[in-house]
Amino acid sequence: MPEITYREALRHAMAEEIERDQNVVLLGEEVAEYDGAYKVTEGLWKRFGDKRVADTPISEAAFIGMGIGASMLGLRPVMELMFWSFSTVAWDQIVNNAGMVRYMSGGLINCPIVIRGPANGGTNVGATHSHTPENWIANVPGLKVVCPATAYDAKGLLKSAIRDNDPVMFMENTLLYGEKWEVPDEEYLIPLGVADVKREGTDVSLIAHGRAALTALKAAELLAAEHDISAEVLDLRSIRPLDEDAILKTVRKTHRVVLIEENKPFCGVDAQIAAMIQEKCFDDLDAPVLRLSAIDAPAIYSPELEKRQLPRPIDIVAKVLSICR
Amino acid sequence: MENTHTCEFASAPINAGLQPADKVLLLREMIRIRRFEQAALKSYQGGKMGGFLHLYIGQESVAVGTCSLMGHDDHVITAYRDHGHALAVGMNMNECMAELFGKATGCSKGKGGSMHFFAPDKNYWGGHGIVGGQTPLGLGLAYGVKYKGLKGSAMCFMGDGAVNQGCFYESLNMASLWNLPVIYIIENNGYSMGTSLARSSVYPSCLAERAAGFGIEWDTLNGEDVYEVRAKVQVAMERAHNESRPTVLEISTYRYYGHSVADAKHKIYRSEDEIERYKQLHDPIQLFKSRLIEEQVLTEEQYDVIDNAARQEADDSVRFAEESPIPSEESITEDVYFEVDRQTLAGRTGRHFFND
Ligand SMILES: Cc1ncc(C[n+]2csc(CCOP(=O)(O)OP(=O)(O)O)c2C)c(N)n1
Ligand SMILES: [Mg+2]
């Protein structure tokens, strides 16, 4: 199977969907002639032209609102945020318009949009550019949110997101854009709401999403090599909808859980999952459910320290050892 | 603003072609809005509905004049003062009143309320509660029309207070840059809640003039005259249809009631005299009624028949709303996700709701 980057996987997903459905358009800052601030959309404007791939002014509220309005007429805009951190200036459009219009119209309207872009810390760009808003979004019934960790997942999930008839917030990671994974040439889709066991194990479950799932995989290797502990790694992939069955299944299998995310702890995604586990699997647990999140402060700039602020494999190992000894 | 009897707009092509019956229909639509809202006010005061009730009374000529121009691919979107536009695009009183009462038979099944009426089948896209938040959506409707290669437009209504929201200017820039057929219609009723225009905005001569900075055509018009509204909005609509260019229009108008019914101070921030003077000299319904009598297309008796029918229709809608069921408890989590509502494969995959 060919190996391609996470960035290429996203690009292929968009190209395939543009070809498949004439209502799909890409909108965003620098997505067309400049080929994308992170080169995700490279070549697409040349290939598909002005109508399908268009550069917008630096007006997140206007172009996202515009995409929402157009989606009410049946278009399927895929809008790039240069950083998900910039969603704050379009927050009203995302939450009040994309999120609420179906409900407030009693189901008369739906909003088939995708808003995508990187949502991650770890690149030393300071607090304003390092937000991870998947938990903010997941708190809004009406919105969906996915956080792919690999190129394979990114492609399959983005294609599903574009075909989905509800607004999907698609959160990528700049640290992963250049990483390679095996991705088949043949078309495939990954449904929203299906988690993925990225490593089988028996002693402890590491549940994570986005890049934290890859950190968990590294921790699992360390645990096996140095501590003879068999860790299962469950990658949520999709936050809302959420694969509850997969979460409960791994907990019932290993009886010990560490939840890992690059999000901040207070009302993070893992808070929701911890509540779910204690309620539904209380008797299956042999230890308290532990959480490992980013250190609870705005993203620090200092390159050495920012590495420390996000969960590292050794931090996960330490958490696991505290309940597996 | 003095009562300037504006004859020239009656002879504008768009009005000259009106049959007597069409003219009477315009008047009738204005009356229906007023009677509907008066009935709603009575019910509100009787404790029959919750939330806010922003009345459009005094501004009827704007919604009726503009919406009377709509063709197959012309769209409308507005803010929370949305009952007038809803009736003007052809929504019926029953579904609107029932929505105010929060009933299952309401246009949004009781999920939207006064500020959030929708009728996509009539090109009516709401009903939006966040001041200025609808302005990018109006841009998007225009973009959608253009993308599909249709000859149409999007009329995006907003208040004089909404012009100070940033997303409006982002939208103006994009509308002009991308040549989108959007018509921003500022219904300038002189106040944003309790703040007069002079206390909220700087304007050399008017608010619409701000469009000039974006290279967008603009105009001001006197909203009390439905002929003038139609004549000038028609120009903007043709610009949208034929040149795919945006327009900003500022229509001077006035609301008789408070910002919402809960606005107890509305006779403090403006004088009773000001309100009375407007009602006496500028009431769009009275002016058009006199006009049609003058033109001999209407008699006092016919007016009374129309008025009585509108009152009856409004009363009937109150009864319909009262007798309608409240939405079921299960319906609280319906209409959140399309895929879940339709029970598609996507809607059946993963957990979408998180109680218990
Ligand atoms: C973003 C936002 N800020 C404040 C409000 C509260 N609010 C509702 S209507 C209104 C006044 C708006 O006045 P204007 O735009 O002139 O419209 P009008 O009520 O006169 O029709 C305010 C401040 C709101 N709904 N949304
Ligand atoms: Mg106003």
Side-chain angles (χ1 to χ4, degrees), chain A residues 23 25 51 54 56-75 77 89-90 92-93 96-97 100-112 138 141-142 144 160 163-166 191-195 238 240-246 272 275-276 279, chain B residues 75 77 99 106-113 115-116 118-121 125-130 132-145 147-148 154 166-167 169-171 173-174 177-178 180 333-342 344-346 349-354 356:
Chain A
N23 286 319
V25 289
K51 182 166 183 191
T56 66
I58 308 163
S59 302
E60 286 81 0
F63 81 74
I64 287 179
M66 185 185 85
I68 296 165
S71 79
M72 303 191 306
L73 292 183
L75 268 60
V89 300
D92 176 47
Q93 297 302 318
N96 278 314
N97 289 342
M100 302 296 120
V101 73
R102 176 167 185 79
Y103 197 69
M104 295 200 307
S105 66
L108 293 174
I109 298 173
N110 66 300
C111 178
K144 297 178 174 177
S160 292
R163 295 186 197 186
D164 200 279
N165 289 298
D166 293 306
L192 275 56
V194 179
S238 162
R240 188 169 185 151
L242 182 67
D243 191 348
E244 179 179 76
D245 293 343
Q272 174 65 34
M276 185 183 274
E279 187 178 334
Chain B
H75 297 264
I77 186 164
E99 188 61 31
C107 52
S108 297
K109 303 183 194 162
K111 290 175 169 167
M115 301 190 284
H116 310 112
F118 296 86
D121 62 327
W125 301 96
H128 293 269
I130 302 296
Q134 79 280 17
T135 55
L137 297 184
L139 184 74
L141 292 168
Y143 171 75
V145 164
Y147 185 89
K148 291 179 164 192
C167 63
Y169 297 98
E170 295 185 20
S171 300
N173 180 58
M174 284 191 76
L177 188 71
W178 287 19
L180 298 180
T333 50
E334 290 164 6
D335 304 316
V336 178
Y337 294 106
F338 176 99
E339 304 286 359
V340 175
D341 294 334
R342 303 287 168 102
T344 60
L345 182 59
T349 305
R351 202 167 159 177
H352 288 76
F353 298 98
F354 292 87
D356 306 322

Notebook entry, point to check: Quick one: of A/Ile64, A/Ile68, A/Asp92, A/Asp243, who has the most non-hydrogen atom pairs under 4.5 Å with chain B?
Noted result: A/Asp92
Notebook entry, point to check: Taking side chain as C-beta onward, heavy atoms only, is B/His352 less than 4.5 Å from A/Lys144?
Noted result: yes
Next item on the list: Pick one of side chain, backbone, both or neither for A/Ser238, based on which atoms fall under 4.5 Å of a heavy atom in chain B.
Entry: neither
Margin query: Between A/Met276 and chain B, with a heavy-atom cut-off of 4.5 Å, which part of the residue counts as in contact: side chain, backbone, both or neither?
Written below: side chain
Margin query: Quick check on B/Asp121 against chain A: is it the side chain, the backbone, both or neither that has a heavy atom closer than 4.5 Å?
Written below: neither
Check: Rounded to the nearest 0.5 Å, what separation is found between the CD1 atom of B/Ile130 and the CG atom of A/Asn97?
Finding: 8.0 Å
Note to self: Counting C-beta onward and ignoring hydrogens, is there a side-chain heavy-atom pair between B/His75 and A/Leu73 closer than 4.5 Å?
What the structure shows: yes
Checklist line | Spatial distance of atom CZ (A/Arg102) from atom OH (B/Tyr337) [nearest 0.5 Å] | finding: 11.5 Å
Notebook entry, point to check: A/Arg240: what forms a salt bridge (Lys or Arg N to Asp or Glu O under 4.0 Å) with it, not counting sequence neighbours?
Noted result: none
Notebook entry, point to check: chain B: which of A/Pro112, A/Gly69, A/Ala54 shares the most heavy-atom pairs with it under 4.5 Å?
Noted result: A/Gly69
Check: With a 4.5 Å heavy-atom cut-off, do A/Asn96 and B/His128 have their side chains touching?
Finding: no
Margin query: I'd like to check A/Pro57 versus B/Leu177 (side-chain heavy atoms, cut-off strictly below 4.5 Å). Are they in contact?
Written below: yes
Item checked: Interchain contact, A/Gln272 with chain B, by part (heavy-atom threshold 4.5 Å) -> side chain
Notebook entry, point to check: How far does CD of B/Glu339 sit from CG of A/Asn110, to the nearest 0.5 angstrom?
Noted result: 8.5 Å
Notebook entry, point to check: Side chains of A/Asp245 and B/Arg351: closer than 4.5 Å at any heavy-atom pair?
Noted result: no
